[in-house]
Amino acid sequence: MARRYWLMKTEPGTFSIDDLARRPGRRAFWDGVRNYQARNLIRDEIRPGDGVLVYHSGIARPAVAGTAVVVGTAAPDPTQFDRRSPHHDPAADPQSPRWYGVEIELEGIFAKPVTLDELRATPGLEAMVVLRRGNRLSVTPVRPEEWSIVVARGA
DNA sequence: GCCAACGTTGGC
DNA sequence: GCCAACGTTGGC
């Protein structure tokens with residue numbers, strides 16, 4: 001199966017690409033996704049080896065901050081069962097988990113983050129799902145051409 | 001199955 | 001902090 005590409009949003013105040021860089025092996029389990037569409041992508045579509053654009057949201061200048069690679073298959077997100085987690089889901093059943101996450105490993109932090117404004121202004125990126133008005137999906141598919149353009153601009 | 005109310009996301 | 005957009009919940 002061909003390598004595919006994704007964009008994953010995170011609020012850097014909660015978990016940033018620098019936090020990822022400091023993790024052992026520069027790896028982290030991408031948890032806390034609580035949207036069914038995004039869950040379905042993680043559980044059913046994302047494969048080891050896929051590329052990830054790590055996107056910082058909720059800040060003055062939202063931007064793609066770097067890239068990561070998927071290093072595992074989807075697994076139940078343990079935070080759904082953790083009563084002390086902000087992502088705890090009282091309705092989640094360990095017998096049939098509702099929420100999934102996936103392990104990723106940092107590839108590189110961009111020398112120059114590719115800002116949301118820049119994404120909007122760059123030819124070839126007009127169709128990026130993350131740019132759609134009202135888009136709130138925390139995991140969105142990225143086309144190979146889009147991946148190439150963004151990486152070329154950031155690296 | 002409809003839809004109003006509510007909660008969350010995320011840019012600005 | 002505001003608010004548009006959208007997802008989820010729950011009464012009916």
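Because only heavy atoms are used, hydrogens play no part in the values below, and waters and symmetry mates are left out as well, while side chains stay in. Each chain gets a letter, A, B and so on, in the order the sequences are listed, and its residues count up from 1.
- Comparing C/dT9, B/dC12, C/dT8 by their closest approach to the side chain of A/Y36 singles out C/dT8.
- Nearest nucleotide to the A/R120 side chain, out of B/dC12, B/dG10, C/dT9: B/dC12.
- When the side-chain nitrogen and oxygen atoms of A/R61 are compared with OP1 and OP2 of B/dG10, none of them lie within a distance under 4.0 Å.
- One atom, CG of A/N35, and another, P of B/dG10, lie 9 Å apart when rounded to the nearest Å.
- Classification of A/D89 and A/R98 as a salt-bridged pair holds, one side-chain N sitting under 4.0 Å from a carboxylate O.
- Between the C1' atom of C/dG7 and the CZ atom of A/R39 lies a distance of 14 Å, rounded to the nearest Å.
- Among the atoms of the strands shown, none is found under 4.0 Å from any heavy atom of A/R132.
- Taking the six-membered ring where the residue is Trp, A/F15 and A/W30 present perpendicular rings, their angle passing 60° and hence far from 30°.
- Checking A/S16 against A/D19 by side-chain atom types alone, a donor-acceptor pair falls below 3.5 Å.
- Residue A/Y55 places at least one side-chain N or O closer than 4.0 Å to OP1 or OP2 of B/dG11.
- Rounded to whole Å, atom C1' of C/dT9 lies 17 Å from atom CZ of A/R34.
- Spacing between atom NE2 of A/H56 and atom P of B/dG10 amounts to 13 Å, rounded to whole angstrom units.
- Hydrophobic clustering (side-chain heavy atoms under 4.5 Å, transitive across Ile, Leu, Val, Met, Phe, Trp, Tyr) groups A/L131 together with A/Y5.
- For the OP1/OP2 pair of B/dT9 and a distance below 4.0 Å, the side-chain nitrogens and oxygens of A/K9 include no atom meeting the criterion.
- At whole-Å resolution of the value, CD1 in A/I59 and P in B/dT9 are 16 Å apart.
- Within the 4.0 angstrom heavy-atom criterion, only backbone atoms of the sugar-phosphate kind lie near A/L116; the bases stay farther away.
- We find that CG of A/N135 is positioned 9 Å from P of C/dG7, with the value rounded to whole Å.
- Taking atom CG of residue A/L7 and atom P of nucleotide B/dG10, one finds them 10 Å apart after rounding to whole Å.
- You'll find that the side chain of A/S57 is closest to B/dG10, out of B/dG10, B/dC12, C/dT9.
- The backbone N or O of A/G101 lies less than 3.5 Å from no partner atom in the side chain of A/D77, so there is not a single donor-acceptor pair.
- Whole-Å rounding puts the A/E11 CD to B/dC12 C1' distance at 14 Å.
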